[in-house]
Each structure stands twice: as structure tokens, then as C-alpha cells.
A.B. asks: 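Dropping the structure in here first, questions after.
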Amino acid sequence: MSGSEFQLINHYFSRLGVDRTDVLLGVGDDCALLQVPEGQVLAVSIDTLVEGVHFFPGVDPESLGHKALAVNLSDLAAMGADPAWITLALTLPRVDEQWLAAFSSGFAALAKRFQLQLVGGDTTRGPLTISVQVHGFVASGKALRRDRAKPGDLIYVSGTLGDAGLALLAQKGAYDPGADLAALQIRLDRPEPRIGTSQSVRDLATGAIDISDGLLADLGHICEQSRVGAVINLSNIPLSDPVRVYVEKQQDWTIPLSAGDDYELCLIVPARHQAEIEARAQGLDVGLSLIGQIEVGETIRCLDENGTQIQIGSGGYDHFPSS
Ligand code: ADP
Ligand code: MG
């Protein structure tokens with residue numbers, strides 16, 4: 001980067017987010033100096049978005065700035081952590097001021113909303129690639145791990161599932177959701193990290209995962225790491241109207257169960273907390289739905305409204321003969 005290019009980048013990224021008192025030294029030196037509060041541990045996660053792999057070339061840079069940070073915050077929410085700091089590694093094919101202004105504005109708006117400070121990063125030239133690392137705090141011993149689920153625990157999910165997947169299907173020309181397309185597209189382009197939901201109920205949960213690869217795959221990670229199975233009641237899966245219409249029309253559960261990108265939370269909650277979590281859910285701006293239960297075993301069983309086990313395939317669903 002030339003001196004003037006570096007100054008330009010500096011203009012957008014030297015003071016991004018809020019000024020936090022736990023940042024002893026932010027952008028500008030060889031390292032940032034950061035103070036983790038006593039009694040808390042550091043939760044760290046990184047995600048990389050590569051143009052042409054994770055997003056389409058020419059995508060709206062403001063939404064991209066939002067999404068690059070949102071998917072990382074979603075990981076903090078799934079760990080039960082409070083967001084604090086960000087580092088950002090940007091690889092840019094050229095220095096395009098309009099692009100930088102829009103990208104940083106989408107990124108900064110979300111950073112401010114969740115009281116984050118950008119404390120450092122790296123800038124290089126090459127194919128457009130965005131790596132965001134987030135750092136958060138969680139009280140020692142209170143993190144929502146994937147390996148703590150026990151038979152009998154309840155499984156909750158936030159929001160609705162399948163909206164982003166349906167938007168992607170529509171983008172590929174494989175389905176026409178009509179007037180609902182705009183709302184679905186927002187779910188895909190501007191995911192909302194469920195930090196508030198996590199903060200409100202995390203003390204009742206023992207585990208969580210954010211749904212980035214689809215409910216069955218992500219709940220599958222919890223089952224695998226906890227060495228348990230699960231049973232899901234399909235009639236309790238929370239669906240938006242357009243996804244409900246799609247499932248009924250196409251007789252296809254793969255969009256809500258196996259499509260990713262919704263970034264909702266899947267929470268594991270001991271059954272003794274059922275009344276308390278459902279009472280707290282009343283006060284949240286996003287719903288929590290009880291969709292099933294952890295059980296002994298090593299598979300995830302999906303039951304329809306009659307209690308009949310359904311096989312979720314790639315192109316629809318079939319009834320099991322008898323099992
Ligand atoms: P170094 O050569 O020591 O790696 P750099 O020239 O890469 O230093 O960066 C100088 C300062 O600017 C560092 O504090 C670094 O964290 C920060 N920085 C560089 N690029 C970014 C970026 N994209 N976002 C935030 N901070 C950045
Ligand atoms: Mg550097």
C-alpha cells in the first residue's frame with residue numbers, strides 16, 4: 001500500500017466502534033493492549049469471507065460490512081459471551097474509497113450497537129477477503145459449550161428457520177416466493193446476531209450453537225460432542241409465512257432443517273428451567289420455540305405432527321416404513 005492509500009484506510013478503521021475502558025492501547029502500535037475483567041475468560045472466534053466463495057462479486061459493501069461482523073457476533077452469542085473487541089484483516093484488490101466508506105459504515109453501525117471497539121488489524125493487497133476476529137467475555141465456567149447436553153434436556157431455537165435458505169433458493173431461480181422475497185433477502189444479507197437473546201437466557205442454558213449450516217447439521221455437532229441423540233417435533237419448528245407455504249407446497253423440509261445462514265440460536269436447557277425460560281422469552285423481541293429434546297442415542301429423529309418418524313432427504317421427505 002502506498003502512504004496515501006494507507007492514510008485512507010486509516011481514516012475508516014483507526015477509530016471504529018466505541019471507546020472502551022478495557023482497551024489500554026488500540027489501533028496504531030505493534031499490538032493492542034487489552035484488559036480482561038477479573039473472573040471472566042476470553043472467548044475468541046474468527047471467520048473469513050472470500051469473494052466468489054462466501055459472497056457474490058459486486059455484493060452491496062454496506063451489507064457485507066454488516067454480515068462480516070454479524071456472523072462473528074453470532075458465535076459469541078452461541079458461547080454466551082459479551083462482545084468486546086474486534087480485529088480486522090482486509091485484503092483488497094484495489095483501494096476503492098466508495099467501497100471502503102460503505103463497508104466500514106455497515107461494519108461500524110453493528111460495532112456501535114453492540115459496544116465493540118476495533119483494536120487492530122492488517123491490510124494487504126490481493127483478492128477481496130475479509131477476516132474478522134471477535135473477542136468477548138464470559139464468566140468463568142459459564143460458557144455455553146457443545147459437549148454438555150444430557151438426555152432429557154430441552155432444545156429451543158430462536159426466531160424462524162429457513163428464511164435465508166429460501167432467499168438463496170429464490171436467488172438461484174429455483175423458487176418464487178413472490179412479494180416475500182425482500183423480507184427473505186434481508187435475512188440472508190443482514191443476519192441479526194442473537195446477542196440479546198443469549199444474554200437474557202444464558203444462565204438457564206448449558207449449551208448452544210448458532211445455526212449457520214442448518215439445524216440438523218449444527219444440532220448434530222452438539223449431539224456428537226455430547227455423545228447423545230435428539231428428537232425434533234417438526235410441527236414445533238418456527239417458520240415464517242413464506243417458509244411455511246414453501247414447505248406445504250413442495251413437501252420439503254430441507255429448507256428449514258438443512259439450509260444455513262439463518263444465524264438463529266439453538267439452546268440446550270435442562271428441563272427444570274422450562275417454566276423460567278418460557279417466561280423470560282415473553283419479554284424478548286425474538287421468539288424462543290421448544291422444538292425437541294435430547295435423548296440417549298446417536299441420531300436426530302424428526303417426528304411429524306402424528307409422531308411418525310420422517311426421513312429428511314435432499315429432495316423432500318419420505319416416511320420411514322416403521323421405526
Ligand atoms: P505492522 O507492520 O506492525 O503489522 P501495520 O502497518 O500492519 O503494522 O498496522 C499499523 C496499525 O494499524 C496496527 O496497529 C494495526 O493493528 C492497524 N491496522 C492495520 N490495518 C487495519 C485494519 N484493516 N483494521 C484495523 N486496524 C488496522
Ligand atoms: Mg500488519
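Quick caveat: nothing in here was measured; it's all calculated off a predicted structure. Counting convention: from 1, in listed order, for ligands and their atoms alike.
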A.B. asks: Report, in ascending order of atom number, the atoms of ligand 1 lying under 4.0 Å from any heavy atom of Leu88.
C.D. replies: 22 (C), 23 (N), 24 (N)
A.B. asks: Quick one: do Lys150 and Glu295 make a salt bridge, cutoff under 4.0 Å?
C.D. replies: no
A.B. asks: Identify, by atom number and element, the atoms of ligand 1 in contact range of Gly120, meaning under 4.0 Å from any of its heavy atoms.
C.D. replies: 16 (O), 24 (N), 25 (C), 26 (N), 27 (C)
A.B. asks: Looking at Arg202 and Asp82, is any side-chain nitrogen of the basic one under 4.0 Å from a carboxylate oxygen of the acidic one?
C.D. replies: yes
A.B. asks: Between Val27 and ligand 1, is there a nitrogen or oxygen pair with a distance under 3.5 Å?
C.D. replies: no
A.B. asks: Counting heavy atoms only, which part of Asp29 comes closer than 4.0 Å to ligand 1: side chain, backbone, both or neither?
C.D. replies: backbone
A.B. asks: Compute the ring centroids of Phe137 and Trp85, then answer whether they are less than 6.0 Å apart.
C.D. replies: yes
A.B. asks: Can you tell me if Glu278 and Gln282 form a side-chain donor-acceptor pair at under 3.5 Å?
C.D. replies: no
A.B. asks: Indicate whether the side chain of Thr124 and that of Thr91 have a donor and an acceptor atom separated by less than 3.5 Å.
C.D. replies: yes
A.B. asks: Asp163 and Ser240: side-chain donor and acceptor closer than 3.5 Å?
C.D. replies: yes
A.B. asks: Kindly identify the option in Ser104, Ser131, Gly121 whose heavy atom sits closest to atom 16 (O) of ligand 1.
C.D. replies: Gly121
A.B. asks: Near Gly28, which atoms of ligand 1 are under 4.0 Å from a heavy atom of that residue?
C.D. replies: 11 (C), 13 (C), 14 (O)
A.B. asks: Going by the order shown, which atoms of ligand 1 are within less than 4.0 Å of some heavy atom of Asp30?
C.D. replies: 3 (O)
